[in-house]
Colleague: 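One structure, as structure tokens, below. Some questions next.
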Amino acid sequence: MSLPFITSAPGKVIIFGEHSAVYNEPAVAASVSSLRTYLLVSQHEDPEAVELDFPDIQFKHKWSHSEFGCVLKGEANSRALERARTNTRELSQYLIESLENLHSDLKKSLFYHAAFSFSYLYVCLCPEVKGVRFSVRSTLPIGAGLGSSASISVALALAMNRLSGAITSDRELSVQDKKLVEEWSFVGEKCIHGTPSGIDNAVATHGNAVLFKREMDGTTNFEFVEDFPQIPMLLTYTKIPRSTKTLVSNVRELVSKHPNIVKPIFVAMGQLATRGAEILDSLTETNYHELLELVRVNHGLLVGLGVSHPGLEAVRSLSDSLEIGSTKLTGAGGGGCALTILRKDAKQSALKQFKDRLENEHGYALYETQLGGIGCSILPSEAISDQDFERIRILFTEDFDNKHLDQVLLPGKCTLPWII
Ligand SMILES: Nc1ncnc2c1ncn2[C@@H]1O[C@H](COP(=O)(O)OP(=O)(O)O)[C@@H](O)[C@H]1O
Ligand SMILES: C[C@@](O)(CCOP(=O)(O)O)CC(=O)O
Ligand SMILES: [Mg+2]
């Protein structure tokens, strides 16, 4: 496999059905193609090194390839690895324990899940690869409910399947390629937050917008919402940190305490998502009002699950009082992002007041971004000149702000010939 090459995957916005998606209810999500994770895979100066650089979270770690011997060598390990490679529906307990030893120095840190997810995919997909550096940069806020965990899992899964030779095309990513990326990025999501539904990594893989459902038997069904309408919306990033893993496990506790109360909430959310997908598939002036209603009801149900936050309620109540539209939390909640679908008759003065107050009184960041667009993509080494590589390498090593990354790398906007 010739180096360097780059993979990329978008973030996402869940429009209807977060949390209930984990309990096999349908959910609707759309990619946010302009907010992405980028992974540069390049030659390492040390031929034995496997290095992981995450400048966005100030994390860098270099392993010597021999350190993975505790997972790769020996009969028992080979059998466990074979099982982990063939059965991706649940994580291999054996691998989890072996990798925990390898990462014992990181166990308590924020970086543990990212390093664990990387190593699990590495030992399963391309364990013989060494003398390589994996550098990750995101224009996507991390831990914000926009699917950064899924986006990095997709970028890693695509890169490692490329390194192993499982994905070779230099023209386009086939349906089979994307199925492989979706399957292994789901493993990456599980390493980061335990019991994902799979909607985040499915959207980050395929792009566009999907009505997604994970069946009881673990298989996934999804239909693309073709020609996803560009609905006027605002994304508010509260910058309130939270962990999807914690929020999802809190909901799990609630449903085990009150199954007869919480399960009907999940069913209602699933109904909401199905109706929402129908409306988005054939949006009209009349059913647009119903879309706003579904957003309002979905948020109320999420509040009932205990996954909102006073900082999110500030956004929701301001959008209500200014009558600009309907707001719901998006992603796991607990902070992170809120999605406001705007009324067609929202007054410009009210919109300006909404943005000014959230930015100046709360310190929130607002994104006016399009939904849908390009999913995972790869820039093969043949498409990267030495001059391009030098410019790109600096983007991954120096502290550049997001717009520099987008100018050079954003698929569909930059001049580089990304394969999608
Ligand atoms: N660019 C990145 N660099 C390193 N780790 C990342 C990056 N993006 C995501 N992660 C991992 O994903 C975790 C956030 O995932 P999660 O809590 O599901 O939030 P969300 O998916 O909403 O962003 C981070 O704590 C980190 O482990
Ligand atoms: C809460 C959930 O429905 C979405 C999590 O989204 P995020 O990691 O907060 O971006 C979990 C899932 O579906 O995997
Ligand atoms: Mg996540």
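Both ligands and their constituent atoms are indexed starting at 1 by order of listing.
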Colleague: Looking only at protein heavy atoms, which one is nearest to atom 9 (C) of ligand 1, and what is the separation?
Modeller: S148 OG, 3.1 Å

Colleague: Considering distance alone, does some N or O of V136 sit under 3.5 Å from an N or O of ligand 1?
Modeller: no

Colleague: State if E189 counts as touching ligand 1 under the rule of any non-hydrogen atom under 4.0 Å.
Modeller: no

Colleague: Is the ring centre of H61 less than 6.0 Å from the ring centre of F54?
Modeller: no

Colleague: Considering non-hydrogen atoms of the protein only, which is the closest contact for atom 2 (C) of ligand 1, and what is the distance?
Modeller: I142 CD1, 3.5 Å

Colleague: With no hydrogens and no angle check, do the side chains of N221 and E215 hold a donor and an acceptor under 3.5 Å apart?
Modeller: yes

Colleague: Check whether any N or O atom of G143, backbone or side chain, sits under 3.5 Å from an N or O atom of ligand 1, and answer yes or no.
Modeller: yes

Colleague: If we set the cut-off at 4.0 Å for heavy atoms, which region of D56 has an atom near ligand 1: side chain, backbone, both, or neither?
Modeller: side chain

Colleague: Check residues 305-314 and write down every donor-acceptor pair under 3.5 Å in which the side-chain atom is one partner and the other belongs to a residue at least two apart or another chain.
Modeller:
{"residue": "S308", "atom": "OG", "partner": "E313", "partner atom": "OE2", "Å": "2.5"}
{"residue": "H309", "atom": "ND1", "partner": "G311", "partner atom": "N", "Å": "2.7"}
{"residue": "E313", "atom": "OE1", "partner": "R316", "partner atom": "NE", "Å": "3.1"}
{"residue": "E313", "atom": "OE1", "partner": "R316", "partner atom": "NH2", "Å": "2.9"}
{"residue": "E313", "atom": "OE2", "partner": "H299", "partner atom": "NE2", "Å": "2.7"}

Colleague: Indicate, as side chain, backbone, both or neither, the part of L146 found under 4.0 angstrom from ligand 1 when only non-hydrogen atoms are considered.
Modeller: backbone

Colleague: Any donor-acceptor pair under 3.5 Å linking the side-chain atoms of S385 with those of D388?
Modeller: yes

Colleague: If you measure every N or O of D200 against every N or O of ligand 1, does any of those distances drop under 3.5 Å?
Modeller: no

Colleague: Provide, line by line, the atom pairs where ligand 2 and the protein bring an N/O atom each to a distance under 3.5 Å; else say none.
Modeller:
{"residue": "ligand 2", "atom": "3 (O)", "partner": "H19", "partner atom": "N", "Å": "2.9"}
{"residue": "ligand 2", "atom": "6 (O)", "partner": "K12", "partner atom": "NZ", "Å": "3.4"}
{"residue": "ligand 2", "atom": "6 (O)", "partner": "D200", "partner atom": "OD2", "Å": "3.0"}
{"residue": "ligand 2", "atom": "8 (O)", "partner": "T244", "partner atom": "OG1", "Å": "2.9"}
{"residue": "ligand 2", "atom": "9 (O)", "partner": "R242", "partner atom": "NH2", "Å": "2.5"}
{"residue": "ligand 2", "atom": "9 (O)", "partner": "T244", "partner atom": "OG1", "Å": "2.9"}
{"residue": "ligand 2", "atom": "9 (O)", "partner": "A332", "partner atom": "N", "Å": "2.9"}
{"residue": "ligand 2", "atom": "10 (O)", "partner": "K12", "partner atom": "NZ", "Å": "3.0"}
{"residue": "ligand 2", "atom": "10 (O)", "partner": "G145", "partner atom": "O", "Å": "3.3"}
{"residue": "ligand 2", "atom": "10 (O)", "partner": "G147", "partner atom": "N", "Å": "2.9"}
{"residue": "ligand 2", "atom": "13 (O)", "partner": "S197", "partner atom": "OG", "Å": "2.6"}
{"residue": "ligand 2", "atom": "14 (O)", "partner": "S197", "partner atom": "N", "Å": "2.8"}

Colleague: Centroid-to-centroid, Y364 to Y237, below 6.0 Å?
Modeller: no

Colleague: Taking non-hydrogen atoms only, is A332 closer than 4.0 angstrom to ligand 1 via side chain, backbone, both or neither?
Modeller: neither

Colleague: Got a sec: is S148 within less than 2.8 Å of the Mg ion (ligand 3) via an N/O/S atom?
Modeller: no

Colleague: A quick test of your reading: do over 12 heavy atoms of other residues, nucleotides or ligands sit less than 6.0 Å from CD of E293?
Modeller: yes

Colleague: Distance alone, cut at 3.5 Å: any donor-acceptor contact between the side chains of R36 and S8?
Modeller: yes

Colleague: May I ask you to identify the nearest protein heavy atom to atom 11 (C) of ligand 1, giving residue, atom name and distance to one decimal place in Å?
Modeller: I192 CD1, 4.2 Å

Colleague: My understanding is that only residues two or more places apart in sequence, or in another chain, count here; which of them pass side-chain hydrogen bond (donor to acceptor under 3.5 Å, both in side chains) with S249?
Modeller: none

Colleague: Please name the pair of heavy atoms, one in S34 and one in L410, separated by the smallest distance, quoted to 0.1 Å.
Modeller: CA-CD1, 4.0 Å

Colleague: Do any nitrogen or oxygen atoms of T37 come within less than 3.5 Å of a nitrogen or oxygen of ligand 1?
Modeller: no

Colleague: Provide the number and element of each atom of ligand 1 under 4.0 Å from a heavy atom of A114.
Modeller: 5 (N), 27 (O)

Colleague: List in chain and number order the residues that pass side chain to side chain contact (heavy atoms under 4.5 Å, CB included) with N87, two or more places apart in sequence or in another chain; answer none if no residue qualifies.
Modeller: R89, E90

Colleague: Among all protein non-hydrogen atoms, which one is nearest to atom 6 (C) of ligand 1, and what is the separation to 0.1 Å?
Modeller: I152 CD1, 3.9 Å

Colleague: Is it the case that the side chains of S153 and S185 hold a donor-acceptor pair, with the cut-off being a distance below 3.5 Å and no angle test?
Modeller: no

Colleague: Does an N or O from H193, backbone or side chain, lie closer than 3.5 Å to an N or O of ligand 1?
Modeller: no

Colleague: Strictly under 6.0 Å, is that where the ring centroids of F118 and F116 end up?
Modeller: no

Colleague: Of all the atoms in ligand 1, which lie at a distance below 4.0 Å from a heavy atom belonging to F54?
Modeller: 3 (N), 4 (C)

Colleague: Identify, by atom number and element, the atoms of ligand 1 in contact range of G147, meaning under 4.0 Å from any of its heavy atoms.
Modeller: 20 (P), 21 (O), 22 (O)

Colleague: Can a donor-acceptor pair be found between the side chains of S66 and E48 at a distance below 3.5 Å?
Modeller: no

Colleague: Report yes or no: does G336 have a heavy atom closer than 4.0 Å to ligand 1?
Modeller: no

Colleague: Quick check on contacts: which atoms of ligand 1 are under 4.0 angstrom from a heavy atom of I57?
Modeller: 4 (C), 5 (N)

Colleague: Which residue owns the protein heavy atom closest to atom 25 (O) of ligand 1, what's the atom, and how far is it?
Modeller: L110 CD1, 3.9 Å

Colleague: Take a 6.0 Å sphere around CD1 of I57 and say whether it holds more than 12 heavy atoms from other residues, nucleotides or ligands.
Modeller: yes

Colleague: Do F68 and Y122 have ring centroids that are under 6.0 Å from one another?
Modeller: yes

Colleague: Under a 4.0 angstrom heavy-atom cut-off, which atoms of ligand 1 come close to S138?
Modeller: 1 (N)

Colleague: Using a 6.0 Å cut-off, check whether atom CD of Q387 has over 12 heavy atoms from anything other than its own residue.
Modeller: no

